[in-house]
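Report on the structure given below.
Read the numbers this way: they start at 1 and go in the same order the structure lists the ligands and their atoms. Numbers here simply count residues along the sequence, with the first being 1.
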Amino acid sequence: MSIEVQNISKKFAGFTALDNINLEIHSGELLALLGPSGCGKTTLLRIIAGLEKADSGKIIFDGQDSTDTHVSKRQIGFVFQHYALFRHMTVFDNIAFGLNVKPRKDRPSQEVIREKVMALLKMVQLDWLANAYPSQLSGGQRQRIALARSLAVEPQVLLLDEPFGALDAKVRKDLRRWLRDLHDEINLTSIFVTHDQEEALEVSDRVVVMNHGHIEQVGSPDEIYDTPASPFVTQFLGDVNLFHGRIQDKHFTSGDFRHEISQHSAHFSGAEAIAYIRPHDIEISLDATNALGHGQIEHIHSIGPIVRVEIARDSQDENIEVVLTKERFRTLGLMPGDNVYVKARKVAVFDPASV
Ligand code: ATP
């Protein structure tokens, strides 16, 4: 099922939670809503679900205006951060619940329900836990059961609100890979809320980056990461170093450094520009040719396979952070106190007025 979000706005007591959101969700895709706490992700999800009413705008399911359709008629499955399993029911009964409460005329026979629940338990790879109670399950197992329960009523759309938010890092990682595989198997249209960049980039077909109630960028994980549309997206997706410079002849220039920019210089309101550069896109060098900056190595931290080097910039407060492979670090033979130049492999250049 495809979903269109058209001009959706929502205020809470004068506070704008969503400001004219427009978004198309393709049938069968896994879409991540990504953004910092309070940016409006959950509110948008709840409006799509029909759990919250927008002040204005429309929600279209498969070409049909469903803005006023009751939540129970939207054929949506939910999974929330905090496991919403019934504690007094076994895993089997939890999954069967949505089928057992259907009106008598729509309710499948107990035999069909049994087959269906067991098939779902196999799908989430927990069939051996059919008779367990939620208190006997781990957090990750509970979320897989919550997902099986949401799928029992055969929804057209699956909405997941930080489903793995309460789990520890290792379980989260396993579960998000598992969710991706499961999504590919059942091919439901799914929307996934997260504030975890890595999770969004790893799991989804497309990512919607939100900030203060509006959409900053929509794109594939690679597009979002490689060509961020705004300073916000660049900074939200990971650590960056900022270098101030100028726009000259379609190039960003700073000291001896020149970098051709893809955006036309007309995008810049003045001659000033800021380059955003990720720590692993910076190279350390002892030679000044085309260098972007210069400084003295202050700290060296070895973290597993990588080395993080902090360089105190000449005449500036903020340090430059560089990430090198251990091999590259050894080749360079760097020591704290060394005077070095930095060069950039890849930069994103923005107008200071857009920051
Ligand atoms: P988080 O990741 O922390 O859940 P979010 O991006 O999902 O954040 P929302 O829960 O959508 O953000 O909230 C957006 C804004 O709207 C927040 O500032 C929140 O305080 C406010 N808000 C949400 N629901 C209500 C409500 N029922 N009443 C008042 N304000 C609300």
Side-chain angles (χ1 to χ4, degrees), residues 3-25 29-59 66-68 70-71 74 76-84 139-140 142-143 146-147 150 157-169 171-173 175-176 179 189-219 221 224-225 228-238:
I3 305 169
E4 275 173 69
V5 174
Q6 295 181 348
N7 308 108
I8 289 287
S9 291
K10 176 74 183 172
K11 281 188 179 171
F12 292 108
F15 172 83
T16 304
L18 294 174
D19 186 11
N20 198 29
I21 300 286
N22 284 285
L23 181 63
E24 276 185 38
I25 301 137
E29 84 171 324
L30 177 50
L31 184 94
L33 298 180
L34 172 70
S37 183
C39 71
K41 308 177 294 287
T42 296
T43 304
L44 180 57
L45 199 76
R46 287 173 59 82
I47 289 173
I48 293 171
L51 292 167
E52 191 84 63
K53 223 174 141 31
D55 299 337
S56 55
K58 287 183 177 166
I59 300 293
S66 306
T67 316
D68 297 320
H70 190 262
V71 53
R74 291 193 189 201
I76 284 177
F78 301 100
V79 182
F80 299 105
Q81 175 171 0
H82 295 288
Y83 342 102
R142 281 182 216 172
Q143 284 308 69
L147 189 63
S150 72
V157 174
L158 187 61
L159 303 179
L160 305 113
D161 193 353
E162 305 248 8
F164 311 137
L167 307 174
D168 73 48
V171 179
R172 260 180 105 125
K173 222 169 202 161
L175 274 193
R176 67 196 193 213
L179 176 72
T189 307
S190 309
I191 308 176
F192 181 92
V193 163
T194 181
H195 61 262
D196 180 332
Q197 303 81 337
E198 202 182 294
E199 191 158 278
L201 295 178
E202 184 176 337
V203 164
S204 51
D205 295 311
R206 287 192 307 150
V207 181
V208 178
V209 185
M210 295 181 66
N211 182 24
H212 288 312
H214 72 265
I215 292 177
E216 290 267 339
Q217 187 171 6
V218 182
I224 298 275
Y225 192 79
S230 65
F232 173 82
V233 176
T234 318
Q235 285 180 303
F236 191 68
L237 287 191

Any protein N/O atoms within less than 3.5 Å of an N/O atom in ligand 1? List the atom names and distances, or say none.
unit_1, atom_1, unit_2, atom_2, d
ligand 1, 2 (O), K41, NZ, 2.9
ligand 1, 3 (O), S37, OG, 2.6
ligand 1, 6 (O), G38, N, 3.4
ligand 1, 6 (O), C39, N, 3.1
ligand 1, 6 (O), G40, N, 3.0
ligand 1, 6 (O), K41, N, 3.1
ligand 1, 6 (O), K41, NZ, 3.0
ligand 1, 7 (O), T42, N, 2.9
ligand 1, 7 (O), T42, OG1, 2.7
ligand 1, 8 (O), G38, N, 2.7
ligand 1, 11 (O), T42, N, 3.4
ligand 1, 11 (O), T43, N, 2.8
ligand 1, 11 (O), T43, OG1, 2.5
ligand 1, 12 (O), G40, N, 3.3

Open item on the list: Whether E198 and R176 form a salt bridge (side-chain N of Lys/Arg under 4.0 Å from carboxylate O of Asp/Glu) is what I want to check.
Closed with: yes
Task: SB check D68 K53 (cutoff 4.0 Å) - done: yes
Open item on the list: Hydrogens and angles aside, do T42 and D161 bring a side-chain donor and acceptor to less than 3.5 Å of each other?
Closed with: yes
Open item on the list: Keeping T194 on the side-chain end and D196 on the backbone end, is there a donor-acceptor pair under 3.5 Å?
Closed with: yes
Open item on the list: Tell me if a side-chain donor or acceptor on Q217 pairs with a main-chain N or O of V209 at a distance below 3.5 Å.
Closed with: no
Task: K11 charged N/C atom sitting above F15 aromatic ring, 6.0 Å / 45° - done: no
